[in-house]
**Q** 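Structure incoming, see below.
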Amino acid sequence: MAVELLAPGGNYNSVIAAINAGADAVYTGGSLFGARANAENLTTDELLKAIDYAHLFGRKIYLTINTLIKDKEIEEKLFEYMLPFYEHGLDAVIVQDMGVLLFIRENFPKLHIHASTQMTIAGKLTVRELEKMGVSRIVTPRELSMEEIREIHKSTGVEIESFIHGALCYCYSGQCFLSSYIGGRSGNRGQCAQPCRMEYDVVKNGKILNPGNNKYVLSPKDICTLKILPDIIESGVYSLKIEGRMKKPEYVAGVVSIYRKYIDMYLENKERYFVDENDVKLLADLFNRNGFSQSYYYQHNGREMISLKKPEFRMENSGFIKNLKESYIEKTKKSLLDIKVSVIKNQPISATAKIGEKDITVYGDLPQSAENRPITREMVLKQMSKMGNTDFEIHTIEISLSEGVFVPVGSFNQLRRQLTECIKEYLLSGYRREMAVQKNYTKSVYNSSELSLNALVSDEKQIELLLNHDFISRIYIEEFALKQKNIVEIIHKIHASKKDVFLAMPYMFRAKNKKIFYEKMGSILEKFDGFLIRNIEQYYDLKKNQVEKKYVFDYNVYAYNSQAKDYYLRKGIETTVPLELNDNEMKKRGCEREEFIAYGYMPVMISAGCGLKTCGNCSRSDSLYEIRDRLKNTFPTKCVCDYCYNIMYNCKPLSLLKYGNEIKDLNIESIRLNFTWESAGQIKDILNQYIQVFFRNQKITDTTDSTRGHFKRGVL
């Protein structure tokens, strides 16, 4: 295929509707590990049936294993869950978790692996490394531009899959903790409660910037790319992906059928490509949030991409829905068969079907001599055409018939069943795989080291407060906090106080970000002792530029299980203990040689969208503003204007003073305190409290208005 039309399947009926409507492949979830845990999803039997149905018509099924997965789940569930699908011929899995990627590569070696959009792949260097690891396809973040996709296509050999229609997240894929912190429902575990679809005020300096009925500032419009579909294809996107595993079969069938029409139009004659506005209206009738946008392909962000108002009630297009049901949902596809039937005296009756270059022949009973009513061509035709609930339909029948013979109806019925069963077995046998045997699940054992205390600062002024603290071993400085003219001076000052200084990298690191970053930091990078990595593209890019320093992967470059953690540690990379595991899960995983974040206002969203720009107040001045929900919870939001992204922080700081002994029992290597806008007095108090609890074994009462995060509750 020149391109693939990839459709969502939230339940079995949606999978079938997608294939009937023209999808080349369907991505769907089973009972475990899918990023849409609240969809109806398929049972094991339904998924096996769906795989067969797709393969009979030359289509494909991809299974979503695109959540972060805990150690216990890998050890006890993942292999047994995957085994029947692998052996049955599943075409690929979509994976977010590095540990899961490694596990599947080892245990199911003949299965294609697609790197999920949840990996937040920012550039070609990450793609090249994933390719070396056996990944055959990457799913781009929705935020990537046409130019960035084109560069990845030119520079790598993997297939590219990108979204062309459906809902759009406000946050960079995989970088959202809003649902997790608000209600314990983690988007990275498939449980997102979609708080971004609620009403919020945008507040700056006490003033509400979105008065009136403009409260849906975190709710992007759905995307529709019919008018730029040729550009997307020509940029190198192979798989054109429709979002919608929470949608009904009618939605799936409708969207697929319309995009099928336009993909075929382009492939037939791209010079005559033209979009009928009536088709755009039909898509809007199925679902939209106050209109469509064309996603981020040609723009970085903007008010016109955001819904702002509550979606209006839509009258159902009953005629369109009726047609979709009749055409794609209430009936199944049939493969057309050309068969030859032989009813010859003194020879067993037979039926032959030509499938490609292969002749499939089955034999039945011997014909009898006709005493009264010999069999006729019409009778043979009638009996052999009764395909009923099979996946086949007779196109032509060539009949060879001797005179004066008789065959009972039951013999023809048996011959017909034999033929369809043999055809089906032949068509599906090529997809089956030999039985997989689980490899040993091993975890490395690490020695614990003496506990140290590190701090992250978001303002140059905060550095001075840390220099005279003997307990501080390492200072991380947010890149956005540094002004180019005095970076070297700051580094020298920190080194003079016998502390290491690490650069906390930007949260995003796309092609245009790299240019800005190296213009500012290029000649200074060697002076840092190490780097706090927020996007894996940064690691590969720094290594490519021969910046050989210590690297710490932050909490959002996920090492959710020991498989992922061990992989990174073997590469000499330090990792950060995940934020969504509880203490028992941390013990199961192991936290030796890792950093643990024990204090700080934690980011809940990293977004290309900007609340100030949405409200017409963009000043490109690294502003701090607030997102306020209906309960008056206030989420401070930082504009990082050099790289044009927002960091939305939680409304309360994480504070784990209460659990000092439990945290030390994890045998971690270091504690990190993340400082954002705390005053000098607050920083001094917080430092003293953590030193007392973690280094002087004293107990104190934490009276701050803070959150304990997931240290005890975890996430499902």
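The figures here come from the full heavy-atom set of this structure, side chains too, leaving out hydrogens, waters and symmetry mates.
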**Q** Scan the side chains in residues 363-382 for donor-acceptor partners under 3.5 Å anywhere in the protein, sequence neighbours excluded, and list what turns up.
**A**
{"residue": "D365", "atom": "OD2", "partner": "S411", "partner atom": "OG", "Å": "2.6"}
{"residue": "T376", "atom": "OG1", "partner": "M379", "partner atom": "N", "Å": "3.2"}
{"residue": "R377", "atom": "NH1", "partner": "I399", "partner atom": "O", "Å": "2.8"}

**Q** Quick one: CE on M384 to NZ on K340, what's the gap to the nearest 0.5 Å?
**A**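 The distance works out to 14.5 Å.
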
**Q** Does atom NZ of K227 have more than 12 heavy-atom neighbours, drawn from other residues, nucleotides or ligands, at distances under 6.0 Å?
**A**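 Result for NZ/K227: open.
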
**Q** Checking S179 side chain against R185 main chain: does a donor-acceptor pair fall under 3.5 Å?
**A**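 It does hold such a pair.
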
**Q** Are any side-chain N or O atoms of R105 and backbone N or O atoms of V100, one a donor and one an acceptor, separated by less than 3.5 Å?
**A**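 Such a contact is absent between R105 side chain and V100 backbone.
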
**Q** Looking at CE of M246 and CG of N11, how far apart are the two atoms once the value is rounded to the nearest 0.5 Å?
**A**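 Answer rounded to 0.5 Å: 11.0 Å.
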
**Q** N188 and Y560: side-chain donor and acceptor closer than 3.5 Å?
**A**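 No.
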
**Q** Hey, which of D264, T225, L240 is the one that makes side chain to side chain contact (heavy atoms under 4.5 Å, CB included) with Y259?
**A**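 So, applying the side chain to side chain contact (heavy atoms under 4.5 Å, CB included) to Y259 and each of D264, T225, L240, only T225 qualifies.
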
**Q** Just checking, any donor-acceptor pair under 3.5 angstrom between side chains of R189 and T67?
**A**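 Short answer, no.
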
**Q** Roughly how far, to the nearest 0.5 Å, is CG of D71 from CD of E73?
**A**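 Reported to 0.5 Å precision, the distance equals 9.5 Å.
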
**Q** Using atom types as modelled and distance alone, determine if a side-chain donor or acceptor of R416 lies under 3.5 Å from a backbone N or O of K386.
**A**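 A pair under 3.5 Å: yes.
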
**Q** Between OG of S116 and CD1 of I94, what distance do you get to the nearest 0.5 Å?
**A**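 Taking OG in S116 and CD1 in I94, the distance rounds to 7.0 Å.
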
**Q** Verify salt bridge (charged side-chain N to carboxylate O under 4.0 Å, His left out) between R128 and E131, making sure each step is shown before the conclusion.
**A** CA-CA 5 Å; R128 286 174 183 167; E131 189 175 7; over 6 Å; no

**Q** First locate atom CD1 of I65, then atom CG of L111, and finally report the distance between them rounded to the nearest 0.5 Å.
**A**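 The CD1 atom of I65 sits 9.0 Å away from the CG atom of L111.
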
**Q** Before giving the answer on side-chain contact (heavy atoms from CB on, under 4.5 Å), spell out for S173 and R142 the whole-Å C-alpha distance, their side-chain angles and the decisive distance to 0.1 Å.
**A** CA-CA 8 Å; S173 304; R142 293 166 174 86; 3.8 Å; yes

**Q** Under 3.5 Å, is there a donor-acceptor pair between the side chain of S335 and the main chain of F392?
**A**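 Checked: no pair found.
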
**Q** Which heavy atom of V15 sits nearest a heavy atom of A50, and at what distance?
**A**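 That would be CG1-CB, 3.9 Å.
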
**Q** Return the OH to NZ distance between Y426 and K358, rounded to the nearest 0.5 Å.
**A**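 Result: 6.0 Å between the selected atoms.
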
**Q** Might you work through the salt bridge (charged side-chain N to carboxylate O under 4.0 Å, His left out) test for E421 and R417, ending with a clear yes or no?
**A** CA-CA 6 Å; E421 288 169 3; R417 283 193 294 268; 5.6 Å; no

**Q** So, F292 versus H165, ring centres under 6.0 angstrom or not?
**A**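 Centroid separation for F292 and H165: below 6.0 Å.
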
**Q** For salt bridge (charged side-chain N to carboxylate O under 4.0 Å, His left out), just list the numbers for D52 and R432, CA-CA rounded to whole Å, side-chain angles, deciding distance to a tenth of an Å, and then say yes or no.
**A** CA-CA 10 Å; D52 283 350; R432 303 291 191 251; 3.2 Å; yes

**Q** Is the backbone N or O of P249 less than 3.5 Å from a side-chain atom of N13, with the two atoms forming a donor-acceptor pair by type?
**A**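 Between the backbone of P249 and the side chain of N13 there is no qualifying donor-acceptor contact (under 3.5 Å).
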
**Q** Could you give me the CA-CA distance, side-chain angles and deciding distance for I258 and L226, then say whether side-chain contact (heavy atoms from CB on, under 4.5 Å) is met?
**A** CA-CA 9 Å; I258 291 174; L226 281 183; 4.0 Å; yes

**Q** Any non-hydrogen side-chain atom of F163 less than 4.5 Å from a side-chain atom of T117?
**A**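 F163 reaches T117 side chain to side chain.
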
**Q** Which heavy atom of S350 sits nearest a heavy atom of T361, and at what distance?
**A**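 For S350 versus T361, the nearest heavy atoms are CB-CG2, 4.3 Å.
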
**Q** Taking N107 for the side chain and K439 for the main chain, is one N or O donor matched with an acceptor at less than 3.5 Å?
**A**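 Here the side-chain-to-backbone pair exists.
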
**Q** Do the non-hydrogen side-chain atoms of K325 and E250 ever get within less than 4.5 Å of each other?
**A**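 K325 reaches E250 side chain to side chain.
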
**Q** Taking A35's backbone N and O only, do any of them form a donor-acceptor pair with N66's side chain (distance below 3.5 Å, no angle check)?
**A**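 Yes, the answer is positive, given that a donor and an acceptor are paired below the 3.5 Å cut-off.
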
**Q** When you check the side-chain N and O atoms of S162 and T140, is any donor under 3.5 Å from an acceptor?
**A**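 Indeed, the side chains of S162 and T140 share at least one donor-acceptor pair under 3.5 Å.
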
**Q** Can you find a pair of side-chain heavy atoms, one from M146 and one from S235, that are under 4.5 Å apart?
**A**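 Answer yes - side chains close enough.
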
**Q** Taking the side chain as C-beta and beyond, is there a heavy-atom pair between F320 and L286 under 4.5 Å?
**A**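 In short, these two side chains touch, coming nearer than 4.5 Å.
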
**Q** Provide the closest heavy-atom pair for V252 versus A18 in the form atom of the first, atom of the second, distance.
**A**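 V252 and A18 have their closest heavy atoms at CG1-CB, 3.6 Å.
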
**Q** Does the side-chain contact (heavy atoms from CB on, under 4.5 Å) test come out yes or no for E148 and E143, once each step is laid out?
**A** CA-CA 10 Å; E148 289 170 298; E143 291 83 0; over 6 Å; no

**Q** Does E129 come within less than 4.0 Å of K132, counting only side-chain N to carboxylate O?
**A**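 K132 and E129: salt-bridged.
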
**Q** Only pairs at least two apart or in different chains count here, so list each ring-ring contact (aromatic ring centres under 6.0 Å, His included) that has a residue in residues 21-56.
**A**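 Qualifying pairs: F33-Y81, Y53-F57, H55-Y431.
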
**Q** Does Q347 CD have over 12 foreign heavy atoms under 6.0 Å away?
**A**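 Counting other residues, nucleotides and ligands, CD of Q347 exceeds 12 neighbours.
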
**Q** Can you name the one residue among I51, I61, T44, L428 that meets side chain to side chain contact (heavy atoms under 4.5 Å, CB included) with H88?
**A**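 With H88 as partner, side chain to side chain contact (heavy atoms under 4.5 Å, CB included) holds for just one option, I51.
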
**Q** Within the 4.5 Å heavy-atom criterion, are Q563 and Y441 side-chain neighbours or not?
**A**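 With C-beta onward as the side chain, the pair touches.
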
**Q** Decide side-chain contact (heavy atoms from CB on, under 4.5 Å) for D222 and L283; before the verdict, give the C-alpha distance in whole Å, the side-chain angles of both, and the deciding distance to 0.1 Å.
**A** CA-CA 11 Å; D222 279 25; L283 290 171; over 6 Å; no

**Q** Let me know which of T420, I423, L419 forms a side chain to side chain contact (heavy atoms under 4.5 Å, CB included) with V362.
**A**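 Among T420, I423, L419, the one that satisfies the side chain to side chain contact (heavy atoms under 4.5 Å, CB included) with V362 is L419.
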
**Q** Mark yes or no for whether D97, through its side chain, and Y558, through its backbone, hold a donor-acceptor pair below 3.5 Å.
**A**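 Checking the backbone N and O of Y558 against the side chain of D97, no donor-acceptor pair under 3.5 Å is found.
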
**Q** Return the minimal non-hydrogen interatomic distance between K331 and N20, and the atom names on each side.
**A**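 That would be O-ND2, 2.9 Å.
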
**Q** Please check if the number of heavy atoms outside K247 that lie under 6.0 Å from its NZ is greater than 12.
**A**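 Correct, the count exceeds 12.
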
**Q** Could you check K241, R59, R137 and say which one makes a side chain to side chain donor-acceptor pair (under 3.5 Å) with E4?
**A**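 The residue from K241, R59, R137 that satisfies side chain to side chain donor-acceptor pair (under 3.5 Å) with E4 turns out to be R137.
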
**Q** Determine whether E234 and Y266 make a side-chain contact, defined as any pair of heavy atoms from C-beta on separated by less than 4.5 Å.
**A**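 E234 reaches Y266 side chain to side chain.
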
**Q** Got a donor-acceptor contact below 3.5 angstrom from the S295 side chain to the Y297 backbone?
**A**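 Flag not set: sc S295 to bb Y297 has no pair under 3.5 Å.
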
**Q** Check whether more than 12 heavy atoms from other residues, nucleotides or ligands sit under 6.0 Å from atom NZ of K333, and answer yes or no.
**A**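 Enclosed: over 12 neighbouring heavy atoms sit under 6.0 Å from NZ of K333.
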
**Q** Using only atom types and a distance under 3.5 Å, with no angle test, would you say the side chain of R260 pairs donor to acceptor with the backbone of A23?
**A**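 No, the answer is negative, given that no donor and acceptor are paired below the 3.5 Å cut-off.
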
**Q** Any side-chain heavy atom of K354 within less than 4.5 Å of one from D338?
**A**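 Answer no - side chains too far apart.
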
**Q** Looking at R197 and P220, what are the two nearest heavy atoms and their distance?
**A**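 Minimum heavy-atom separation between R197 and P220: NH1-O, 3.0 Å.
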
**Q** Are side-chain heavy atoms of N288 and K221 found at a separation under 4.5 Å?
**A**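 When only atoms from C-beta onward are counted, K221 and N288 do not touch, as no gap falls below 4.5 Å.
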
**Q** Taking only Lys NZ, Arg NE, NH1 and NH2, and the carboxylate oxygens of Asp or Glu, determine whether K49 and D45 approach each other closer than 4.0 Å.
**A**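 No, no charged N to carboxylate O under 4.0 Å.
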
**Q** Quick check: closest heavy atoms across Y262 and Y273, and the distance to 0.1 Å?
**A**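 The answer is O-CE1, 3.3 Å.
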
